[in-house]
There are 2 protein chains.
Amino acid sequence: MRADAQRNAEKLRAAAAELFRERGLHVPLKEIARRAGVSHGTLYNLFGTREALIDEVVTDLAAERLEEIAEGALACEDAWEGFAYYIEQLCRMQATDPAVADVVGGRYPGAERLMAVCGRTLDAAKRIVERAQDAGALRPDFTTEDLVFVLGSNSVLARATPRTAPDAWRRNIAFLLDGLRTEAAHRPLPVGPLTPDQVYEVMGNLTGER
Amino acid sequence: MRADAQRNAEKLRAAAAELFRERGLHVPLKEIARRAGVSHGTLYNLFGTREALIDEVVTDLAAERLEEIAEGALACEDAWEGFAYYIEQLCRMQATDPAVADVVGGRYPGAERLMAVCGRTLDAAKRIVERAQDAGALRPDFTTEDLVFVLGSNSVLARATPRTAPDAWRRNIAFLLDGLRTEAAHRPLPVGPLTPDQVYEVMGNLTGER
DNA sequence: ATGAAACTTGACCGCAGGGTCAAGTTAGTT
DNA sequence: AACTAACTTGACCCTGCGGTCAAGTTTCAT
């Protein structure tokens, strides 16, 4: 790779990182190129697809954030507190960091490293859920697949709540968490959990679009 | 108004009603014109704006559905059952009827009659919420404004769940409802309720778009 | 310092959506 | 039947997105 191309790639990565974090992973590629001070043709030359760019620019950030949260959750003495912490922090991130929010609420099959991070995150989530259930705190009919519901509903609220009420999502999550305690479970759930395949499908449709 | 214009307006109303119910209130106006077998210019002549068309075509339908649900809820002996019925039916509609779903999850300030229906619906909701709280069943820190959370989160799940899992939203609502019972309330909610103005604002941003 | 390979550029294409308007057509009044 | 006001039409404009490529420029090995 020639030195000038290297420099441009770097400028593009920087611009992409900025814009992804400001506005999410859907920002127009041409805008990224504009901010990098480079033609959009160059962006296509150097990265080819949006997902390739995402994979290079967002993966490490997402991994760091997600692992941090999972560790924090597992570090809680109390299993329920750990679970609640995990949910709350994930949701806080959705409200706070558009880039990672899109990672959590989307599908990027082309971004291999990112997909690996998602896999590891899912494992961590499983452990946190199971620990809370083993402690008898989290209702046993909850499954890891139900996390899409939590994150899906939070994502729309976090996005809809502008500067006016940036904490509104916390109220919703508080209601939901109260419904997830073992004692809160009233009658059997009306339908069974999603299959992992269904979760994957749902995640593809979460981010609006219509 | 000339007879042919009258006929065209009727064809457009019919096509709009169909498409709105099939795909929601965002269908391209040109597509409505196409289905009506009429030029899109004519649509703009006769209705001017999308909201005017919505107001003529969707209002009565929405009013009927929403009033029916509210009546059903108030007809329940048990106040909690009434509240739960109300939530469930609203959510079922969001999953089932894209047109009314968009009414419930959107803002159409230009559609006067429709706005009136929304006002009446809100009144009914207030009554249902208060009745359940007076009976001691619904947690007292819940407010009518919190309904946006319920409907907002449900809308995204209902939309994301294709034919594959058309009932998935029920699971989420079941968790949430369990969290709304008085006994489920654990600690005080982390933040206060939205103001009505904030609710109005949030509703404007609910329907994806980005 | 020169030539070939690497790279950049921006005009261009396609698509989809909203919206306008001059020209042509039709209804219905006289 | 003739005439005018009402109405319809579709070509046209705009915006914004993704994406491509011939022509021009720059790097770097020789």
Side-chain angles (χ1 to χ4, degrees), chain A residues 1-16 19-20 22-58 98-99 102 106-111 204-205 207-210, chain B residues 1-16 18-20 22-58 98-99 102 106-111 204 207-210:
Chain A
M1 194 176 203
R2 239 166 61 178
D4 54 344
Q6 200 76 56
R7 273 194 308 273
N8 284 336
E10 209 34 69
K11 280 192 266 180
L12 283 166
R13 270 187 278 265
L19 280 167
F20 284 156
E22 281 170 32
R23 317 228 312 260
L25 304 183
H26 284 61
V27 273
L29 292 184
K30 286 184 182 174
E31 207 167 324
I32 293 177
R34 207 179 311 137
R35 183 168 303 189
V38 140
S39 156
H40 65 272
T42 298
L43 191 159
Y44 285 103
N45 283 343
L46 296 179
F47 296 95
T49 69
R50 159 178 254 109
E51 290 191 346
L53 187 54
I54 289 177
D55 208 18
E56 289 201 24
V57 153
V58 171
D102 280 348
R107 261 186 335 191
Y108 304 88
N205 302 36
T207 6
E209 315 286 282
R210 302 203 141 256
Chain B
M1 194 178 202
R2 239 166 62 176
D4 55 344
Q6 200 76 54
R7 272 194 309 273
N8 283 336
E10 210 33 69
K11 279 193 268 180
L12 283 165
R13 268 187 280 263
E18 269 181 44
L19 280 167
F20 284 156
E22 281 170 34
R23 317 227 313 259
L25 303 183
H26 285 61
V27 271
L29 292 184
K30 286 183 182 173
E31 207 167 324
I32 294 177
R34 206 179 311 138
R35 183 169 303 191
V38 140
S39 156
H40 65 272
T42 300
L43 190 159
Y44 284 102
N45 283 340
L46 296 178
F47 296 93
T49 69
R50 159 178 255 108
E51 290 192 346
L53 186 54
I54 290 177
D55 209 18
E56 289 200 26
V57 153
V58 171
D102 281 348
R107 260 186 336 190
Y108 304 88
T207 6
E209 316 286 282
R210 303 211 140 246

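Basis for what follows: all heavy atoms, side chains included, without hydrogens, waters or symmetry-related copies. In what follows, chains are A, B, ... by sequence order, proteins preceding strands, each numbered from 1.
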#### Entry: Check ion pair B/Arg7-B/Glu10 (N to O, under 4.0 angstrom)
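Looking at B/Arg7 and B/Glu10, the cut-off is not met.
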### Query
For residues 41-49 of chain B, which residues have at least one heavy atom under 4.0 Å from DNA chain D?
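Correct list: B/Gly41, B/Thr42, B/Asn45, B/Leu46.
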### Query
Can a donor-acceptor pair under 3.5 Å be found between the side-chain atoms of B/His40 and the base atoms of C/dT20?
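Yes, the side chain and the base share a sub-3.5 Å donor-acceptor pair.
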### Task
Return yes if the base of C/dG18 and the side-chain atoms of B/Lys30 contain a donor-acceptor N/O pair under 3.5 Å, otherwise no.
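Answer is yes: a donor-acceptor pair is held.
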Looking only at heavy atoms, which two atoms of [X] and [Y] are closest? And how far apart?
| X | Y | answer |
| --- | --- | --- |
| B/Leu46 | B/Met1 | CD2-CE, 3.6 Å |
| A/Ala36 | A/Leu12 | CB-CD2, 3.6 Å |
| B/Ala9 | B/Phe47 | O-CZ, 3.9 Å |

### Task
Sugar-phosphate atoms are those with a prime plus P, OP1 and OP2; base atoms are the rest. Using that split, label each nucleotide of nucleotides 22-27 of chain C B, S or - for protein heavy atoms under 4.0 Å, 5' to 3'.
----BS
Close N or O pairs between protein and nucleotides 14-16 of chain C (under 3.5 Å):
none

Separation of [N] [atom2] from [X] [atom1] (nearest whole Å):
| X | N | atom1 | atom2 | answer |
| --- | --- | --- | --- | --- |
| A/Arg34 | D/dG18 | CZ | P | 11 Å |
| B/Gln6 | D/dA6 | CD | C1' | 13 Å |
| A/Leu19 | D/dC17 | CG | C1' | 15 Å |
| B/Glu31 | C/dG17 | CD | P | 7 Å |

### Task
Could you tell me, to 10°, how much the axis swings from one end of the helix from C/dA1-D/dT30 to C/dT30-D/dA1 to the other, five pairs per end?
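Here the local axes at opposite ends form an angle of 20°.
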### Query
Atom CD of B/Glu31 and atom CG of B/Leu43: how far apart are they, to the nearest 0.5 Å?
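B/Glu31 atom CD to B/Leu43 atom CG measures 12.0 Å (nearest 0.5 Å).
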### Task
Could you grab the distance from atom CZ of A/Phe20 to atom CZ of A/Arg13, nearest 0.5 Å is fine?
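Between A/Phe20 CZ and A/Arg13 CZ, I get 12.5 Å after rounding to 0.5 Å.
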### Task
With sequence neighbours left out, write down each residue that passes side chain to side chain contact (heavy atoms under 4.5 Å, CB included) with B/Thr49, or none if nothing qualifies.
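For B/Thr49, the residues satisfying side chain to side chain contact (heavy atoms under 4.5 Å, CB included) (neighbours in sequence not counted) are B/Glu51, B/Ala52.
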### Query
Would one find a side-chain N or O of A/Asn8 under 4.0 angstrom from OP1 or OP2 of C/dC7?
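Looking at the OP1 and OP2 atoms of C/dC7, neither is under 4.0 Å from any side-chain N or O of A/Asn8.
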Are [X] and [Y] close enough that some pair of their side-chain heavy atoms sits under 4.5 Å apart?
| X | Y | value |
| --- | --- | --- |
| A/His40 | A/Ile32 | no |
| A/Ser39 | A/Arg34 | no |
| B/Tyr108 | B/Leu25 | yes |
| B/Leu19 | B/Arg35 | yes |

### Query
Do B/Asp102 side-chain atoms and B/Gly24 backbone N/O form a donor-acceptor pair below 3.5 Å?
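No: the side chain of B/Asp102 does not pair with the backbone of B/Gly24.
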#### Entry: Counterpart residues, salt bridge (charged side-chain N to carboxylate O under 4.0 Å, His left out), relative to A/Arg107 (two or more places apart)
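Result, salt bridge (charged side-chain N to carboxylate O under 4.0 Å, His left out) vs A/Arg107: none returned.
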### Query
To the side chain of B/Met1, which of C/dG19, D/dC7, D/dT9 is closest?
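Between C/dG19, D/dC7, D/dT9, the one nearest the side chain of B/Met1 would be D/dC7.
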